[in-house]
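This report concerns only the one structure given below.
For clarity, every value in this text was computed on a predicted model and none was experimentally measured.
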Amino acid sequence: MNMLSCVEYKTEEKIGILTINRPKALNALNSEVLYALEVLLEKIEIDDIQVLIITGSGEKAFVAGADITEMADMDTTEATKFSEKGNRVFSKIENFKIPVIAAVNGFALGGGCELALSADIRIASSNAKFGQPEVGLGIIPGFGGTQRLARTIGMSRAKELIFSGKVISAEVAERIGLVNTVVEQAELMNETLALAKKIAAQAPLAIEKGKKVMNEGIDMTIGQGLDYEVASFGALFSTQDQKEGMSAFVEKRKAKFESR
């Protein structure tokens, strides 16, 4: 399925693969890309898939950033709307009911780093580079970077990256917890697909509930979060997937989950 030429989507078994496709612009995010992402995500949400992979075309860039040529002449109102649009799309990715994996192939700067941060899991190629260089342009991250980066790597490290605008390697990104795993460029999609298939083999309702509880619980007190976990744990015992999963374990066979 092709939404627009700037964003491509295909499925492989129970896995969706969404590719930002502006290689000549290093997959930079502009209004067209954000629009295509928003429309496509609406369609993907009702697809029968269990994991979504987001990546960029080519080997140089995941997403090199937001399109500066488009932003340069924006006034305050236009810039605010642009930021709102990016935040709306990335929040949709963050709160997608199924797991989202970012396969980061090359530069993930500015909006590209923010896009990766909106995913649940980040796998990077060894040539990937990460950074929030917006202060060098006289602005700050506008697609969630000031919030998600701190929640991912801690406030002090996030402030260092955002205040300095420096770009870090995939190795450093892994060390500070910005990415889960670093692999060779040639193996990036194979490794990402292998993880996606492992996730897709689990009980879909449990994965969906687990993501929701973790995403929402992080902003609760520990007591509130534990209460939420208890209620959600109990609720899953009303599902057929729970009965099937435990029966399969006892009977030493592979479970056949049906999302019910």
Q) Where do R148 and S91 land on the side-chain hydrogen bond (donor to acceptor under 3.5 Å, both in side chains) test, with the steps shown first? A) CA-CA 10 Å; R148 292 193 183 94; S91 291; 3.2 Å; yes

Q.
Run T192 and T55 through side chain to side chain contact (heavy atoms under 4.5 Å, CB included) and show every step you take.
A. CA-CA 10 Å; T192 305; T55 193; over 6 Å; no

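In this model, a donor atom of one side chain and an acceptor atom of the other lie less than 3.5 Å apart for N21 and S57. Side-chain contact, Q242 with T239: no donor N or O sits under 3.5 Å from an acceptor N or O. Between the side chains of S169 and R175, no donor-acceptor pair of N or O atoms lies under 3.5 Å.
A 6.0 Å sphere centred on CE of M214 holds no more than 12 heavy atoms belonging to other residues, nucleotides or ligands. Enclosure of atom NZ in K243 by more than 12 non-hydrogen atoms of other residues, nucleotides or ligands within 6.0 angstrom is indicated. Atom CD of E45 has more than 12 neighbouring heavy atoms from other residues, nucleotides or ligands inside a 6.0 Å radius. Within 6.0 Å of CD on E171 lie no more than 12 heavy atoms contributed by other residues, nucleotides or ligands. A 6.0 Å sphere centred on CD of E184 holds no more than 12 heavy atoms belonging to other residues, nucleotides or ligands. Surrounding CZ of F90 are more than 12 heavy atoms belonging to other residues, nucleotides or ligands, all under 6.0 Å away.
Once rounded to the nearest 0.5 Å, the distance linking CZ of F233 with NZ of K209 reads 13.0 Å. The OG1 atom of T181 lies 8.0 Å from the CD atom of E191; values are rounded to the nearest 0.5 Å. A distance of 9.0 Å separates CG in N27 from OG1 in T19, rounded to the nearest 0.5 Å. A distance of 3.0 Å separates CG of D48 from NZ of K14, quoted to the nearest 0.5 Å.
Counting all heavy atoms, side chain and backbone alike, L109 lies closest to K129 at CD2-O, 3.9 Å. Taking every heavy atom of both residues into account, F143 and F82 meet most closely at CE2-O, 3.4 Å. Contact record, A170 with S125: CB-O, 3.4 Å, taken as the closest heavy-atom pair. Across every non-hydrogen atom of I53 and A103, the tightest pair is CG2-CB, 4.1 Å. Counting all heavy atoms, side chain and backbone alike, P141 lies closest to I162 at CD-CG2, 4.0 Å. In terms of heavy-atom proximity, A124 sits nearest to V179 at CB-CG1, 4.1 Å.
In summary, E244 and R253 engage in a salt bridge, as defined by a charged side-chain N under 4.0 Å from a carboxylate O. No salt bridge links K92 with E38; every basic N to acidic carboxylate O contact stays at or beyond 4.0 Å.
For residues 60-86, every residue pair satisfying the salt bridge (charged side-chain N to carboxylate O under 4.0 Å, His left out) rule, not counting sequence neighbours, is listed here: R22-D67.
Side chains of Q50 and I207 form no contact here, defined as non-hydrogen atoms less than 4.5 Å apart. In this structure, the side chains of V33 and V63 stay at 4.5 Å or more apart for every pair of heavy atoms. Between V89 and L115 there is no side-chain heavy-atom pair separated by less than 4.5 Å.
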